[in-house]
Colleague: 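One structure coming up, written as structure tokens, with questions to follow.
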Amino acid sequence: MNKKQTIDLDFDRQHIWHPYTSMTQPLPVYPVTHTQDNKIYLATGECLIDGMASWWSAIHGYGHPVLKAAMHHQIDTMSHVMFGGITHQPAIELCKKLVAITPNSLQKVFLADSGSVAVEVAIKMALQYWLSQGITTKQKLMTPLKGYHGDTFAAMSVCDPINSMHSLYSGFLPEHVFVPAPVSQFGQTFDHHEAHQLAEYFAAHHQDVAAFIIEPIVQNAGGMNFYHPEYLKTVRQLCSKYDVLLICDEIATGFGRTGKMFAVEHSQIEPDIMCIGKALTGGTMTLSATLTTDKIAIGISEGEAGVLMHGPTFMGNPLACAVACASIDLLIEQDWAKQIALLNDALSSLHKCTELTHVKNVRTLGAIGVVELTDAVNVEKIQAYFISQGVWVRPFGKLIYLMPPYISTKADIDTLSNAIYCAIEGSHFK
Ligand code: PMP
């Protein structure tokens, strides 16, 4: 295959919006011609070791032959067909697998097309459930600060109000109950004051609250906070005590990233509703799912509306379902937990960054490594430096982090973490 391409960067700059950018003063974008394994190839000739797994989704790396074969086969059979009034084997196979690998009580699956939409569906499920029970006061959500759940409006309304710039949309966004972000860190001692504080919030607000929504164990885009499993356990207990549903957003943490298949397993709890996405298709296609219990699904279905009011055009897209099945099989057929443990070992090389000024904290969990600086990073400058070092790392705020594909070798991780060390040491981030 000829990988040489002319990429019209002028057109891109004039007409195409990239994520979270200005149209008049955009950050540079790097033209990519192709990807393979854990490498990203630029039109300018560089080959970059990927530390991001395409926003945490490409767990098997790029161009995996098993995933490609699954997609080729499905394209030849049926790329898409509407899901209203129709069903198909790829969706059935996938939902069987999801019911099998997620917590036992999650039995009913809604397939959607992105993480944010899975969160919207979860919120609808919670609201509709309480309405179906004749309870009309439960119209709000409760959630910790520093969370991130997506960019659509309902999802955004439960993101950290400062990080997600709620002020831009105030008056339009629903107002929810924010509780303090988890403080006690994973692997350290749990401060029971956090449990008392949570209990006070539940006692004060439960009558208005349909659900508590939280990213289990790792608050991701809101700050890469690895928090204590006891916090989530406490939330589960309070949700049960006060008749508040628990929505766990596993979109970033699911499929092994934290060392467990799903991060809720660190706390040995089961949510009432769970969202998954990102790595679901091994980073090849956009697909997400919202799972819930029999009790909630039956409640909704026997309520006044009688149906769950959601149905996206590409719901259950067969191509995405087929590759998701292949990705899940690929993951569970290998000793993924051992591979994550090896990556965690390799990521510990980031700890040498603690000796540098401007480094506030270094932490790792599963296949996630984070270097937190004292000041925000100049993304344009540091990214240019990373390219010169042959790595793809995209920091945000004060955080330089790695969420590499699981196929990365120790040598790859060493190259990535060395580039991060040198970027900080050489002040390429200011
Ligand atoms: N929830 C979490 C925890 C996420 O990390 C993200 C994406 N970063 C989303 C929801 C939204 O997913 P998507 O970008 O696919 O809409």
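All heavy atoms count here, side chains included; hydrogens, waters and symmetry mates do not. On a predicted model such as this, the values are computed, not experimentally measured, just so you know. Order of appearance sets the numbers: ligands from 1, and atoms from 1 within every ligand.
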Colleague: Do other residues, nucleotides or ligands put more than 12 heavy atoms under 6.0 Å from the CZ atom of Phe153?
Modeller: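 Result for CZ/Phe153: enclosed.
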Colleague: So, are Lys410 and Asp345 salt-bridged, with charged N and O less than 4.0 Å apart?
Modeller: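 Salt bridge flag = no for Asp345 with Lys410.
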Colleague: Do NZ/NE/NH1/NH2 and the carboxylate oxygens of Lys398 and Asp375 come within less than 4.0 Å?
Modeller: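 Salt bridge between Lys398 and Asp375, a charged N being under 4.0 Å from a carboxylate O: no.
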Colleague: Using the side chain to side chain donor-acceptor pair (under 3.5 Å) rule, collect all pairs that involve residues 63-73, keeping only residues at least two apart or in two chains.
Modeller: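 The answer is none; no pair qualifies.
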Colleague: Could you work out, with ring pair (Phe, Tyr, Trp, His ring centres under 6.0 Å) as the rule, every residue matching His176, not counting sequence neighbours?
Modeller: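 Scan of His176 (ring pair (Phe, Tyr, Trp, His ring centres under 6.0 Å), adjacent residues dropped) gives none.
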Colleague: Distance under 4.0 Å, heavy atoms only, partner ligand 1: which residues pass?
Modeller: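 Residues Trp56, Ser114, Gly115, Ser116, Tyr148, His149, Gly150, Glu215, Asp249, Ile251, Ala252, Lys278 each place a heavy atom under 4.0 Å from ligand 1, listed by chain and number.
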Colleague: List in chain and number order the residues that pass side chain to side chain donor-acceptor pair (under 3.5 Å) with Asp8, two or more places apart in sequence or in another chain; answer none if no residue qualifies.
Modeller: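 Per chain and number, Asp8 pairs via side chain to side chain donor-acceptor pair (under 3.5 Å) with no residue.
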